[in-house]
Amino acid sequence: MIDPKFIKEDIEGLKLLLKKRNMETAVDLDRLKAIDEERRTLLQKSDELREKRNRLSKEIGQSKSKGLDANELMKQVQGLSEEIKQYSEKLASLEQEYTDLHLSVPNILHESVPEGTDEKDNRIVRTWGEKPHFSFKPKPHYDLGVDRGILDFERGVKIAGARFYLYRGLAARLERAIINFMLDLHTREHGYTEIFGPFMVNDESMTGTGQYPKFRDEYYRIERDGLSLIPTAEVTLTNIYRDEILESSSLPVRVTMQSACFRREAGAAGKDTRGLVRVHQFQKVELVKFVRPETSFDELEKLTGDAEEVLKRLNLHYRVVLLCSGDTSASSSKTYDIEVWMPGMDRYLEISSCSNFMDYQARRAKIRYRKEQGRKPEYLHTLNGSGLAAGRTLAAVMENYQTEKGDIIIPEALKRYLE
RNA sequence: GGAGAGAUGCCCGAGUUGGUCGAAGGGGACGGUCUCGAAAAUCGUUGUGGGCUUUGCUCACCGAGGGUUCGAAUCCCUCUCUCUCCGCCA
């Protein structure tokens with residue numbers, strides 16, 4: 001949610017924002033503005049009536065305690081109450097519509113975000129390492145894994161369905177090693193606290209981070225219990241402080257958590273159907289930060305660097321891409337994608353996405369902090385990024401470290417985790 | 001899953017014959033006095049969100065949502081969560 005002052009004071013600015021984001025039809029801003037004004041008028045009127053009712057009711061109490069007759073007053077207040085009720089009903093429906101529209105307004109974009117319509121306009125900001133050379137034609141991880149007997153897609157499909165898979169032996173051990181390596185790196189060297197929390201969350205949490213109410217079909221929900229399987233540990237981590245006020249001295253808070261992630265991949269039919277690229281369940285190490293507003297864009301650079309460090313230590317060639325205005329997700333103000341080179345697939349593959357949400361998510365989830373004692377609480381800024389997607393990292397290691405005979409060399413950084 | 005108890009401000013905790021209760025009291029935190037300084041003592045301040053004609057006025061919030069009433073933290077209904085006992089269990 002953006003600061004409501006934008007709706008009140010700068011509707012033209014918001015129109016421009018929608019245009020930049022290539023989503024002009026997503027929100028009826030004129031309607032939003034009109035509702036905002038109408039509800040404020042009604043609110044004023046209704047507050048006046050309530051004030052009167054409170055005052056008269058007090059008088060009734062006083063009269064009665066003196067043994068005086070208050071019937072006349074009581075009749076008057078009864079009428080007031082009727083009127084107030086009508087106003088509340090009108091207001092409630094207006095508030096509802098206002099909130100729905102407010103939630104649909106995307107986040108303000110940072111000035112450094114390039115204008116553009118889709119991924120073609122994203123800007124490569126840096127590249128690390130080089131594409132490895134092979135004296136043979138490197139295989140994509142799915143062929144390599146199946147040939148080697150460590151990836152089993154047929155069994156995954158039998159057990160659960162399309163887009164499920166099974167790791168056997170080395171693949172399973174390698175992914176576990178990758179996860180441990182990443183968690184150790186982030187906790188020992190980057191200052192994150194390791195968290196282990198729920199993989200299933202309630203609707204408040206899904207709403208807090210923005211999954212609900214809009215993109216309901218993209219997630220698995222267990223109706224009977226009102227719980228949803230998390231699509232990322234971002235949900236668990238960000239909701240740690242939902243509805244709370246933190247002390248300024250405790251910021252920044254840095255947390256990391258490894259989790260399984262569940263995605264329905266609705267609308268991705270026929271896309272990336274092979275391999276570990278797009279599946280319904282995968283593991284990921286997530287990074288989340290809660291920071292003071294004035295530091296959040298610096299923190300985004302550091303967070304992205306924390307994720308990049310994983311690839312550096314694994315000696316995997318990658319590039320960092322700054323998403324353009326049309327490709328940046330609605331809740332993000334600025335996003336970097338990290339794309340790792342996949343020699344077998346002969347393409348770069350997104351392995352991490354790091355975003356600064358500024359106060360957009362914090363406002364929604366009511367996460368605030370107190371600048372100093374006695375001051376009003378303010379919304380803090382939240383950031384998150386994958387550090388990294390474990391399944392895709394496994395695939396990248398397999399493709400980059402394969403030998404002609406179909407073996408996989410263990411990267412130096414992972415050796416101690418596989419002994 | 002069965003039986004019972006409870007949910008109040010940063011924390012503890014009063015308030016349940018409905019009225020001047022946004023809420024006593026204690027603790028904590030912050031500020032002042034005292035002191036060379038500190039402790040102790042003492043005085044004061046200390047919830048959140050909204051509206052407006054914004055050094056002020058006002059509305060809402062006592063787990064959440066409904067209801068009764070002129071008026072509800074206080075009465076009624078539903079839900080959620082917590083605790084205790086029993087059952088089950090990695």
Side-chain angles (χ1 to χ4, degrees), chain A residues 1-9 32-103 196-208 212-213 221-228 239-251 253 260 359-360 362-380:
Chain A
M1 280 170 128
I2 54 157
D3 190 329
K5 80 168 188 232
F6 288 113
I7 296 167
K8 210 171 149 185
E9 295 165 11
L32 178 57
K33 177 80 176 161
I35 291 175
D36 183 39
E37 277 163 14
E38 191 182 350
R39 66 178 253 283
R40 243 160 328 114
T41 311
L42 286 183
L43 202 60
Q44 249 180 83
K45 188 77 181 124
S46 138
D47 274 6
E48 276 168 31
L49 292 174
R50 283 170 193 270
E51 189 275 329
K52 194 168 179 191
R53 178 176 71 180
N54 290 348
R55 187 156 37 84
L56 295 184
S57 287
K58 248 173 214 180
E59 280 180 33
I60 291 172
Q62 284 163 352
S63 298
K64 283 203 162 179
S65 68
K66 286 180 201 149
L68 299 171
D69 175 68
N71 282 340
E72 206 38 56
L73 274 174
M74 280 165 69
K75 220 175 276 172
Q76 202 183 334
V77 178
Q78 197 162 20
L80 278 178
S81 288
E82 283 297 316
E83 222 180 320
I84 289 169
K85 200 170 178 181
Q86 286 173 13
Y87 272 105
S88 327
E89 280 163 14
K90 243 185 280 180
L91 262 170
S93 76
L94 275 180
E95 291 293 354
Q96 183 61 51
E97 198 183 344
Y98 177 85
T99 305
D100 288 349
L101 287 170
H102 188 186
L103 285 172
F196 183 74
F199 289 7
M200 294 194 278
V201 301
N202 56 30
D203 289 349
E204 288 74 25
S205 294
M206 288 294 270
T207 307
Y212 289 169
R221 188 168 187 279
I222 302 158
E223 293 300 331
R224 184 175 167 172
D225 301 289
L227 292 170
S228 300
N239 277 287
I240 291 175
Y241 297 114
R242 172 158 52 83
D243 295 320
E244 293 193 28
I245 299 170
L246 307 186
E247 285 308 321
S248 182
S249 58
S250 64
L251 301 180
V253 172
D359 60 354
Y360 192 87
R363 176 169 285 106
R364 208 175 164 124
K366 296 192 188 70
I367 309 172
R368 292 172 292 177
Y369 82 110
R370 213 180 287 279
K371 218 167 192 167
E372 12 176 322
Q373 274 248 322
R375 294 259 316 242
K376 286 275 174 197
E378 293 171 37
Y379 292 106
L380 46 71

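Just so it is clear, the values below take in all heavy atoms, side chains as well, and ignore hydrogens, waters and symmetry mates. If you're wondering where the values come from, they're calculated on a predicted model, not measured in any experiment. Below, chain A is the first sequence line, B the second, and so on; all start at residue 1.
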**Q** Who is the Watson-Crick or G-U wobble partner of C21(B), with both distances under 3.5 Å?
**A** none
**Q** In whole Å, measure the gap between the C1' atoms of C43(B) and C11(B) for me.
**A** 23 Å
**Q** Closest to the V77(A) side chain: C70(B), G51(B), U48(B)?
**A** C70(B)
**Q** Roughly how many Å apart are G13(B) and U8(B), using the C1' atom of each and rounding to a whole number?
**A** 9 Å
**Q** To the nearest Å, give me how far apart NZ (K371(A)) and C1' (C30(B)) are.
**A** 19 Å
**Q** With a cut-off of less than 4.0 Å, is there a side-chain N or O of R368(A) near OP1 or OP2 of G49(B)?
**A** yes
**Q** CG of D243(A) versus P of C81(B): gap in Å, rounded?
**A** 16 Å
**Q** In whole Å, what is the span from the CZ atom of R363(A) to the P atom of U48(B)?
**A** 17 Å
**Q** Could you identify which residues of residues 81-96 of chain A place a heavy atom less than 4.0 Å from some atom of RNA chain B, listed by residue number, or say none?
**A** S81(A)
**Q** Go through the steps for E89(A) and K85(A) under the test salt bridge (Lys or Arg N to Asp or Glu O under 4.0 Å), then give the verdict.
**A** CA-CA 6 Å; E89(A) 280 163 14; K85(A) 200 170 178 181; 5.2 Å; no
**Q** From G47(B), G49(B), G19(B), pick the nucleotide closest to the side chain of R370(A)?
**A** G47(B)
**Q** Could you give the distance separating U16(B) and C89(B) at their C1' atoms, to the nearest angstrom?
**A** 40 Å
**Q** Are the side chains of M1(A) and D359(A) in contact, using a 4.5 Å heavy-atom criterion?
**A** no
**Q** Strictly below 4.0 Å, N to O, side chains only: are E48(A) and K52(A) in salt-bridge contact?
**A** no
**Q** Searching all strands shown, indicate the nucleotide that pairs with U68(B) (Watson-Crick or G-U wobble; both distances under 3.5 Å).
**A** none
**Q** What distance, rounded to whole Å, do you find between the two P atoms, one in U20(B) and one in C62(B)?
**A** 15 Å
**Q** Check every strand shown and say whether R39(A) touches a base, only sugar-phosphate, or nothing at a heavy-atom separation below 4.0 Å.
**A** nothing
**Q** May I ask you to decide whether R221(A) forms a salt bridge with E223(A), counting only side-chain N to carboxylate O separations under 4.0 Å?
**A** yes
**Q** For A73(B), give its Watson-Crick or G-U wobble partner with both distances under 3.5 Å, or none.
**A** none
**Q** Across all strands, who's sitting opposite C52(B) as a Watson-Crick or G-U wobble pair, both distances under 3.5 Å?
**A** G56(B)
**Q** Of all heavy-atom pairs between P377(A) and R370(A), which one has the smallest distance, and what is that distance?
**A** CD-NH1, 3.7 Å
**Q** When all nucleic acid strands are considered with a 4.0 Å heavy-atom cut-off, which category describes L43(A): base, sugar-phosphate, or nothing?
**A** sugar-phosphate
**Q** Measure the shortest side-chain to side-chain distance between L101(A) and I35(A) over non-hydrogen atoms and say whether it is less than 4.5 angstrom.
**A** yes
**Q** Please name the pair of heavy atoms, one in Q76(A) and one in L56(A), separated by the smallest distance, quoted to 0.1 Å.
**A** NE2-CD1, 3.9 Å
**Q** Stepwise, does the side chain to side chain contact (heavy atoms under 4.5 Å, CB included) test hold for Y241(A) with L380(A)?
**A** CA-CA 11 Å; Y241(A) 297 114; L380(A) 46 71; over 6 Å; no
**Q** Across all strands, who's sitting opposite G47(B) as a Watson-Crick or G-U wobble pair, both distances under 3.5 Å?
**A** C61(B)
**Q** Whom does C89(B) pair with, Watson-Crick or G-U wobble, provided both distances fall under 3.5 Å?
**A** none
**Q** Nearest of C70(B), U48(B), G51(B) to any side-chain atom of K8(A)?
**A** G51(B)
**Q** Quick one: is R40(A) getting a side-chain N or O under 4.0 Å of the G50(B) phosphate, OP1 or OP2?
**A** no
**Q** So which atom in Y379(A) and which in Y369(A) form the shortest heavy-atom distance, rounded to 0.1 Å?
**A** O-CE2, 3.8 Å
**Q** Base, sugar-phosphate or nothing for K366(A)? Non-hydrogen atoms, less than 4.0 Å.
**A** nothing
**Q** Side chains of R50(A) and S88(A), heavy atoms from C-beta outward: is any pair under 4.5 Å?
**A** yes
**Q** Using the P atom as the reference point in each nucleotide, state the distance between U46(B) and G25(B) in Å, no decimals.
**A** 13 Å
**Q** Classify the side-chain pair N202(A)/S205(A) by whether it contains a donor and acceptor separated by less than 3.5 Å.
**A** yes
**Q** Whom does U35(B) pair with, Watson-Crick or G-U wobble, provided both distances fall under 3.5 Å?
**A** none
**Q** Take atom C1' in G65(B) and the same atom in A7(B), then report the distance between them in whole Å.
**A** 15 Å
**Q** Please report, rounded to the nearest Å, how far the P atom of C57(B) is from the CD atom of Q44(A).
**A** 17 Å
**Q** In whole angstroms, how far is the C1' atom of G50(B) from the CD1 atom of I7(A)?
**A** 15 Å
**Q** Just how far, in rounded Å, is P of G51(B) from NZ of K5(A)?
**A** 13 Å
**Q** Pick out the pairs of N or O atoms, protein on one side and nucleotides 59-63 of chain B on the other, that lie under 3.5 Å.
**A**
residue, atom, partner, partner atom, Å
C59(B), OP1, N54(A), ND2, 3.1
C59(B), O2', D47(A), OD1, 3.1
A60(B), OP2, N54(A), ND2, 3.3

**Q** For the C1' atoms, the ones on A24(B) and on U74(B), what distance do you get once it is rounded to whole angstrom?
**A** 16 Å
**Q** Can you tell me the Watson-Crick or wobble partner of C83(B), both distances under 3.5 angstrom?
**A** G4(B)
**Q** Return the value, rounded to whole Å, for the distance between atom CG of L49(A) and atom P of C52(B).
**A** 17 Å
**Q** Of the options R39(A), K33(A), R40(A), which is the one that meets E37(A) in a salt bridge (charged side-chain N to carboxylate O under 4.0 Å, His left out)?
**A** K33(A)
**Q** Whole-Å distance between C52(B) P and E37(A) CD?
**A** 11 Å
**Q** So, is K376(A) close to the G49(B) phosphate, meaning a side-chain N or O under 4.0 Å from OP1 or OP2?
**A** yes
**Q** If you look at every strand shown and take non-hydrogen atoms under 4.0 Å, does K75(A) touch a base, only sugar-phosphate, or nothing?
**A** nothing
**Q** On a whole-Å scale, what distance lies between the P atoms belonging to C10(B) and U69(B)?
**A** 34 Å
